[in-house]
Amino acid sequence: MSLIGKIGETGTCRPAHTELEKQGFELASSWIKAAGMTTRIDNFGNLIGRLEGKNPELPVLMMGSHLDSQPYGGRFDGVAGVLCAIEVATTLTENGIIPERSIEVISFADEEGWRFNKGLFGSRGILGKLEKEELKRTDKDGISREKALKDFGCNVKQFKASEYKPGSIFCFLELHIEQGPILDMANKPIGVVSGISGPLWWTVKLKGMAGHTGSVPMPIRKDALVGAAEIIIAVNEIATQIPGAPTVGTVGTLNVFPASRNIIPEEVTFTVDLRDIDLDRRNRYEKQLRNRIEAIAQKHQLTYEISEDTNSEPRYCADWIKKIIHEECETLHLDAPELMSGPFHDALALSYACDYGMIFVRCKDGISHNPLEYSSYEDLAIGANVLLGTVLQVLKK
Ligand SMILES: [Zn+2]
């Protein structure tokens, strides 16, 4: 799979709804068919393999991830989850296991979201959760989502036909590389995901007053950048106040106006990204941060505006699935820590439709969204075995 859209030695660029993704789908389809499944591409551009159960009326067990990549991405993000799911289905077929409920292996369209600036397209699509005007979004070449989907062979007038009715998905399982360093640092190949943390995204605008850097005395300055600097430190202090807690806080952008070396910064705009698996704690921290911003603005005689861009809640994995994954890890003599996912995944969209569980596989130094991304084949094999064991237990439910 890594040869399709290969960049450099170990990188991947396989954008959503493109000829390259189509090639990836064709390769994956060949493996899906070899596993005894039917395969189709739906109107959202998702690739779906189906292993028909004895009782096709039962809600399906769905598993998978995505085959699209970042523009400067690695070989494992998303791919690991799709290929391990196919491997599990293959193993069932090879062992003559025909499950009671049908199993579907899915590669969701445009999980990554960079091409049209909006991700989780296929997983939101099947649940009827696309937003108005989404098809009008364009990529950097001016190609609309609608055109990209049509060129991919999708019928955008027939989205309804590709949606899943409420209750028709029994549960969703996703294996994914961790994309962070926790498992690698703990020297553990597998982690059990507790949930996907909800990001709070703000844009903050601070306003002071411009003036000559050579003449305005320090005590009467209204320097917006000094205020921003103190807020960045505050974000960091707030997010680290409980050692070991999974809270993360980041200021990732900073725009300074008028950005001249001899003008006191008048206006600074920056983003805040605050995430936690514990919504109460995140809410407490949000309050703390608002108080700190108020105090810092007063201190430097600045005015400020906070606009909220995203406020999503954490979504927890189902306890019963987590328990099964833990048991399967124990069977394989793995000491698998529980950890939350900072990044979001297709499972986040699915969490609004069914119970879900996630298995994390260690990735070297936590590097992801980078050609250097690496998970060993030994670790991926262990992950596939945990997924297999989990599927066998879930099928008993
Ligand atoms: Zn991914």
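First listed ligand is number 1; within each ligand, the first listed atom is number 1. One-based numbering along the sequence shown. Values in this document were obtained by computation on a predicted structure and should not be read as measured data.
A single hydrophobic cluster is not seen to contain both Leu339 and Val361; linkage of ILVMFWY side chains at heavy-atom distances under 4.5 Å, directly or through other members, places them apart.
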Take His17 and Phe121 through the test ring pair (Phe, Tyr, Trp, His ring centres under 6.0 Å) and record every step on the way to the result.
CA-CA 11 Å; His17 321 319; Phe121 179 78; 5.6 Å; yes

Can Gln298 and Glu294 be said to form a side chain to side chain donor-acceptor pair (under 3.5 Å), step by step?
CA-CA 6 Å; Gln298 271 186 22; Glu294 172 69 34; 3.0 Å; yes

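Note on the Zn ion (ligand 1): protein N, O or S atoms under 2.8 Å away count 3, no waters included.
Using modelled atom types, no side-chain atom of Arg14 and backbone atom of Glu21 make a donor-acceptor pair closer than 3.5 Å.
Taking both residues in full, the closest heavy atoms of Pro15 and Leu20 are given as CD-CD1, 4.3 Å, listed atom of the first, atom of the second, then distance.
Side-chain contact check for Arg50 and Ser102: at least one donor-acceptor pair (N or O, by modelled atom type) lies under 3.5 Å.
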